[in-house]
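I have placed the structure first, in the form of structure tokens, so that the comments after it can refer back to it.
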Amino acid sequence: MDAQFKEEVLKLAGDEVKNCIQCGTCSSSCSTAHLMDNSIRKLVRFVLEGMKEEALSSQSIWLCTSCLLCTVRCPRSIRPKSVVAALKHIKEQEGGKNKDQAFEEMFMRQIRDCGRVSEFLLSAGYPLANPMATVQIMTMGIELLPKGKIDFHRDCVRGQDEIKRIFEELKEG
Amino acid sequence: MHVGVYICHCGLNIASTLDVEELKKFAETLPNVAVARDLQFSCSDAGQDTIKSDIKEYKLDSVVVSACSPRLHEPTFRRTLDDAGLNQFMLEMANIREQCSWVHMEDPALATQKAKDLIRMAVAKASLLRPLQTEVMPVSRDALVIGGGVAGISAALDLANSGLRVYLVERRPTIGGYMALLTDVFPTNDCSICVLAPKMAEVYANPLIKLMTYSEILNIDGSVGRFTVSGVRKPRYVDETLCKGCINECAGVCPVELPDEYDFGLGKRKAIYMAIPQSVPLVACIDPEACIGCGRCEEACPADAVKFDQEQEDFRFDVGAIVVATGWQPFDAARKEEYGFGRYRDVLTSLQIERFLNASGPTGGEIVRPSTGKIARSVAFLQCVGSRDQTVGNAYCSRICCMAALKDAQLIKEKYPDADVSIHYIDMRAGGEGYEEFYLRAQKLGINFIRGRVSEIEEADGEIYLHYEDTFLGRYSRKMYDIAVLSIGLEPDRNADVVGTLLGLARRPDGFFEIAHPKMRPVEAHIDGVFIAGCASGPKEIQVSIAQGSACASKAMKLLMKGELELDPTVAHVDQEKCIGCKLCIDTCPSKAITVNGTALVDEASCKGCGTCAASCPVDAIQMRLFSDEQILAQIRAATEVRGEYPFIVAFLCNWCSYAGADLAGTSRIQYPTNVRVIRVMCAGRVDPSFVMEALKRGAEGVIVAGCRPGECHYVKGNYQALQRMDVLKDLLESLGISPMRVKMVWCAAAEGDIFAARVKEFVEELEELGPVGTELRGTGEAHPKEPPAPGSGPGGTGGDGGNAGNGGDTGDGGDSGEVGDAGCGGDEAEPHPTAEGDTDGEGEVVSG
């Protein structure tokens, strides 16, 4: 029982996590539940039992798409999505890495430089960092290309100074 | 004024700690005291006889008994006074046992000093007591029952069978409520209408019950013993005296068809209809919204009972008591959009399945899949739809749905043994006689229990699929069923809002009517003479509703049988000269006893005497007869006359919880510092901020205001009002330069003697740190140029200093304390004398120690 870990998650995800009755509404609402090793319901239980190792090593925390269905439907007003976010945060603080770290970094770099994500640059650049994903993306690209679904044009937002400022502030904070 | 003071030894309970002889001598020196005696046991016959003979011999006007807690023996000594021909309210008790000798056993000198103060305070109050007369008011012996469901029927029958006249008012065309629509009922699976119909018929036949169906209450005036009720009987357009209830003749020819609300929209009914086949009264009714006025029913009726010219009738009657049995309404399942009720035909509610299972329902008792018209092969029950669900605002458990689902599942399984019947639940709640056995029976029948709340119902290709996680297996599933039954929760009936508002009933956060105490007073409303039965005060089963109906009847009987009501003379009284008609008191009153028509008027039959109105009155126009401003201020002045201790604390304790808690500290012999002087009030809400100011002005270092724990106030919210007032007062003190830490709110239940003792101890330490009252003003010396420099020696001097500082601050105080301020000044001038005399030794010791 890692009480400190439990307290940390409760602080990040809200004290109402304690109200969980393990009804499973969150996990059966979850759009990626079938891909998860542990359901969200179980993650909440891990947290309340202070089972830090089990919670943080679960691949489920990287599969949340933040669709918020769990949070909208929870009958006890818990925000299961925030529990997942808290676990991710703690894992990263402790130096743990998402297997899609490369993707996230690329994504954020584009936002910083342009204020917007270019689908083309992202899908072209990602295979460079993660060659394993190339085949999948290429097949999709070949299908989309003749239909004119790929936009090669890169369009940036106005007021990029503001975007830069936000990044600066976040860095300081 | 001749006051007699009696100091009890209570064997050694008091005498072993306190110097009773010294107390007696001290009492003799107090103003107005004609005689002071010590008695071995004042509550014994000998003790009481002494008091009685003294009352005659010394022509006593009032009596102070300095003994145990008034919560124990006040009734005893009131009887003593009454026996001796003295008004029973001319008694004041000084609690020198529970709140002195038993809690300061290690400090006899200071305890005796405290007892002196307590006696001085009691004598001060006793000198201001006035005789009060208990008046008797004749009451109406009739009762009103609102709502003709099973709870209302139970109440009406019990009242009528004991010889009282009852008005039973029902909004619908028939009595019977939801129970009349159910099929079999748990835990015995007997037929609902079979057990209810005889009761309904009994109501109809009882000559003492005036049954008024299809009627609405529009106004209720008055209070306990004399409510005046008025309303209307809506026209049925059918003469009740002529209709034979054959219904097929008229309904058969009616061309208008509409969804039947008594089948929850499953079946159809005509514009002329009978709610249920067993309707009471057995009379047809024309729905004016649907009727097209073709007149065919009028032609068809063999009894000529159809009367299109019928008009609504007004009614008006007086009753002494009211039973509210307004029931519940089903949760609207369409609000849970993810379950698709109203969009998917095979998704039903638990009430609809009741009608399916009912032999007189739309399918004649068969479980027919609505989308195909075929018998269902698989049925899923979804529990907690609209209950235990904060997303729809219903955090509570509806209590009956687990058992109802078990029952319906059993009935289906018995009828179709091969069907797959599953109950998807979070927790199965089967607490009640025979309930767990009923659960076991369902398991034996082969019903599946799946632990996990269904998150969504999906429809694909005409089939419905449930999404859920079996949380025991940790496995996510999507399963197909023919029918999904939503076990919908119970909500408070919105139609009861009118009655609730007319009677001033409080609602709990869950929306149901609040009862006077969640445990001890289960069927009484906060309003005298009003009782609540059945689901109006929260979801409950049939048997509990019946029991509550009977409980309401017996409570009402207690009130009505006598035909008269004794009025408590200790209630609030408004000085019509002073009242400015500001209406502030109306909202503070928990009993809705105050009306303002130009000036305020207190209904003495409804008032419970908490005194929170008196504390809220900006012009002090409201007086409590046994806890008047004058009496309480006299107690404060008497308490602070000597201030033989430092820090000195004046505490206001509410009668029900904190005073009882302080008594418990005594009976448990929990020791705490002697610094506190207690003034009993009925409710913390009685404490006027000017009392606190007066205590501080007179040199008390701190003031405790103690009430029941939040949510447990015996007057609903008096403790919250006290908190609010003290918060405002603390701001004021801060702006005057006095530390707000000097006022302490304490929540203490009657069982928390240890908490009371701990709070006193804490407060003493806090005040020691703060220093004598007024010391904090020295930093802002310029703002108070009148303030003398700190004397530096002896608490008497510092105390006087504090008093002056308080007076300086008083200039900013509200208008009502003018008198108080003057008295305070007078007190200050007189103060040094007693301080300089006898008690200086004691003080010196305290300070040096």
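In the text below, chain A, chain B and the rest are named by the order of the sequence lines, each starting its count at 1.
- When the shell of 6.0 Å around CD of B:Glu463 is examined, it contains more than 12 heavy atoms from other residues, nucleotides or ligands.
- Annotation: B:Glu433, atom CD; neighbour count of heavy atoms from other residues, nucleotides and ligands within 6.0 Å does not exceed 12.
- Surrounding CZ of A:Arg165 are more than 12 heavy atoms belonging to other residues, nucleotides or ligands, all under 6.0 Å away.
- With a 4.5 angstrom heavy-atom cutoff, A:Cys74 touches chain B only via backbone atoms.
- Heavy-atom minimum distance, B:Gln390 versus A:Ser77: OE1-OG, 2.6 Å.
- The environment of OH in B:Tyr435 is crowded: more than 12 heavy-atom neighbours from other residues, nucleotides or ligands sit within 6.0 Å.
- Counting non-hydrogen atoms of other residues, nucleotides and ligands closer than 6.0 Å to CZ of B:Arg475 gives a total of 12 or fewer.
- For the pair B:Thr391/A:Arg73, no side-chain contact is recorded, criterion being any heavy-atom separation below 4.5 Å from C-beta on.
- Closest heavy-atom contact between B:Tyr476 and A:Ser27: CD1-O, 4.3 Å.
- For A:Gln4, the CD atom is loosely surrounded, since the number of other residues' heavy atoms within 6.0 Å does not exceed 12.
- Contact check for B:Thr471 versus A:Gln22: no side-chain heavy atoms found under the 4.5 Å cut-off.
- Rounding to the nearest 0.5 Å gives a distance of 7.5 Å between CD1 of A:Ile21 and CZ of B:Arg453.
- Around atom NZ of A:Lys149, no more than 12 heavy atoms belonging to other residues, nucleotides or ligands sit under 6.0 Å away.
- Ranked by heavy-atom pairs under 4.5 Å with chain A, the list B:Ser455, B:Ala395, B:Cys384 is led by B:Ser455.
- Only the side chain of B:Arg451 comes within contact range of chain A, judged by heavy atoms closer than 4.5 Å.
- When the shell of 6.0 Å around CD of A:Glu104 is examined, it contains more than 12 heavy atoms from other residues, nucleotides or ligands.
- Between B:Glu469 and A:Ser39, the shortest heavy-atom contact is OE2-OG, 3.2 Å.
- The two residues B:Arg388 and A:Pro75 come nearest to each other via the heavy atoms O-CB, 3.4 Å.
- Ranked by non-hydrogen atom pairs under 4.5 Å with chain B, the options A:Ser29, A:Cys26, A:Ser28 are led by A:Ser28.
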